[in-house]
Amino acid sequence: MDLLEQLLNAFGVSGSEDNIRRIVSKEIKPYIDKIYFDKSGNLIAVKKGKHPKIMLAAHLDEVGLIVKNIDDRGRIYFSTIGGLDPWMLIGQRVSVETTRGLVYGIITTDEMSNGFSIKENPKLTELFIDTGLSKKELVTIDIKTGDYIFFKRRMINLGNKKIISSKALDDRIGCYILVELAKRLKKSKSEIYFTFTVQEEVGLYGARTSAYSIDPEIAIAVDVTNADDFYESATIKMGKGPCLTIKDAEMISNRAVDKWIMQVAKKNKIPLQLDVSDFGTTDALNISISKGGVPATAITVPVRNIHSTVGMANRDDIENTIRLLELALKNPPKIK
């Protein structure tokens, strides 16, 4: 199992990123000069150097669920963590994390459980987890309000070995890219902070606290973006290279940083897509407004079926992102 598969298969919903933090810490430690965890739980790994001080950010967390309450029939009701549509949850296998280990269940509805047709899109309050156990049995094994719930899926290859499908592509792909960069960057003029942030999916919180303490001169968020391949007017396509975010729903990226990235891509003939979107945002937003402001942008990998358990990505896009950042970081500019 390679590192990417290991990261994708591991559990790490926002607020419960410990598993991912351990994997990343173990993998990156031999290749950096200093590693530490801040008070928010962000993992920060430093390659020492001179100016400019560069912050690379990828978030550890994935979307998931949390136990809300258990009714008298043993039905476990839940709240979502991050952006999830209720209809895509039906039929998903999940693991509930308890003090005594994982308990497995299926997300269902009364209609589905009884073999009836589901005629309308269900509301979140109508979904529940069925473990096959009674409320008394669930209490005995210590399932309670506040327990985290993870999607029980493993990475697979689809049409060929380049095409992967998994939960948590957002943003274990970014975590993988940062670790690989740390391994490959033997020398850099700048001081680089490989920052693995927490709670991005619920408010970009880890990016805010880590950027404040690091106080970088340049920042790049490494994340994923939504591929719209199947529209005739598609702008972001899987397999056509990484994307440079020019604008998203909440941020306009720094033009000087964008120009640097575009020049490196052009010079080295690395495919690069330009992303102007009205949806979503990344850690780059909170980093860019930290303290007096930070010149920032986001480089993302196209993903189909984002925020689902059947996300799709192309390994070529991931490799081209690593190559682009490796070349860019060898000779970073001075951004004013």
Side-chain angles (χ1 to χ4, degrees), residues 7-8 10-17 20 40-41 57-68 76-97 107 109 121-129 146-153 165-175 196-208 221-231 235-236 238 243 245 247-251 275-287 298-313:
L7 287 167
L8 291 170
F11 299 148
V13 173
S14 301
S16 181
E17 298 96 345
I20 314 304
S40 295
H59 64 91
L60 297 163
D61 58 316
E62 64 186 283
V63 294
L65 311 168
I66 191 168
V67 175
K68 197 170 184 179
I76 301 171
Y77 290 92
F78 52 83
S79 176
T80 57
I81 297 177
L84 289 164
D85 288 320
W87 61 266
M88 62 80 61
L89 298 174
I90 297 174
Q92 295 294 338
R93 291 174 293 159
V94 295
S95 306
V96 184
E97 186 181 47
I107 298 176
T109 66
N121 286 338
K123 298 177 182 178
L124 185 64
T125 53
E126 296 171 336
L127 305 183
F128 60 89
I129 295 169
D147 285 344
Y148 284 95
I149 303 165
F150 309 95
F151 296 113
K152 185 68 177 172
R153 289 276 187 168
S165 176
S166 180
K167 70 172 186 64
L169 294 175
D170 182 7
D171 182 34
R172 301 295 156 64
I173 284 178
C175 294
F196 301 86
T197 63
V198 297
Q199 298 190 44
E200 190 267 1
E201 296 292 358
V202 293
L204 317 177
Y205 298 133
R208 179 179 300 178
V222 184
D223 211 322
V224 299
T225 192
N226 186 54
D228 57 357
D229 307 59
F230 292 123
Y231 285 108
T235 56
I236 302 300
M238 194 176 77
C243 302
T245 301
K247 173 199 170 291
D248 60 29
E250 299 190 46
M251 177 187 171
D275 191 4
V276 173
S277 171
D278 298 310
F279 305 98
T281 194
T282 67
D283 275 342
L285 170 64
N286 271 355
I287 298 170
I299 295 179
T300 60
V301 171
V303 167
R304 293 180 188 165
N305 309 323
I306 202 167
H307 275 204
S308 77
T309 60
V310 290
M312 294 170 59

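Since we're looking at a predicted model, the values are computed, not measured.
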- S14 and E200: side chain donor to acceptor below 3.5 Å: no
- Item | F11 and F150 aromatic ring geometry - parallel, tilted or perpendicular at 30°/60° bounds | parallel
- Task: Say whether, by atom type as modelled, one donor and one acceptor occur between the side chain of H307 and the main chain of L84 under 3.5 angstrom.
- Result: no
- Task: For the pair S16 (side chain) and V13 (backbone), establish whether a donor and an acceptor sit closer than 3.5 Å, ignoring hydrogens and angles.
- Result: no
- Query: Between E17 and G15, is there a donor-acceptor pair closer than 3.5 Å when you use the side chain of the first and the backbone of the second?
  - Reply: yes
- Will you find, in the side chains of T235 and D228, an N or O donor that is under 3.5 Å from an N or O acceptor? yes
- Query: Atom CZ in R208, atom CG in L285: separation rounded to 0.5 Å?
  - Reply: 8.5 Å
- Task: Determine whether D170 and V303 make a side-chain contact, defined as any pair of heavy atoms from C-beta on separated by less than 4.5 Å.
- Result: no
- Backbone of L7 reached by a side-chain donor or acceptor of R172 within 3.5 Å: yes
- Is it true that the side chains of S277 and D248 contain a donor and an acceptor less than 3.5 Å apart? no
- Do the side chain of D171 and the main chain of H59 share a donor and acceptor less than 3.5 angstrom apart? yes
- Query: Judged by atom type as modelled, is there a donor-acceptor pair below 3.5 Å linking the side chain of K167 to the main-chain atoms of K152?
  - Reply: no
- L124 and L89: side chain to side chain contact (heavy atoms under 4.5 Å, CB included), yes or no, with the steps? CA-CA 9 Å; L124 185 64; L89 298 174; 4.2 Å; yes
- Note on the structure: Output for pair (C175 SG, L60 CG), nearest 0.5 Å, gives 4.5 Å
- Interatomic spacing from OG1 in T80 to CD in E201 - rounded to 0.5 Å: 11.5 Å
- Message: When you measure from the side chain of D283 to the backbone of A57, do you find a donor-acceptor pair of N or O atoms at a distance under 3.5 Å?
- Response: no
- Side chain T282, main chain A284, donor-acceptor under 3.5 Å: yes
- Item | Main-chain N/O of M238 paired with D229 side-chain donor or acceptor, under 3.5 Å | yes
- Expected output: side-chain S165 to main-chain G311 donor-acceptor under 3.5 Å: yes
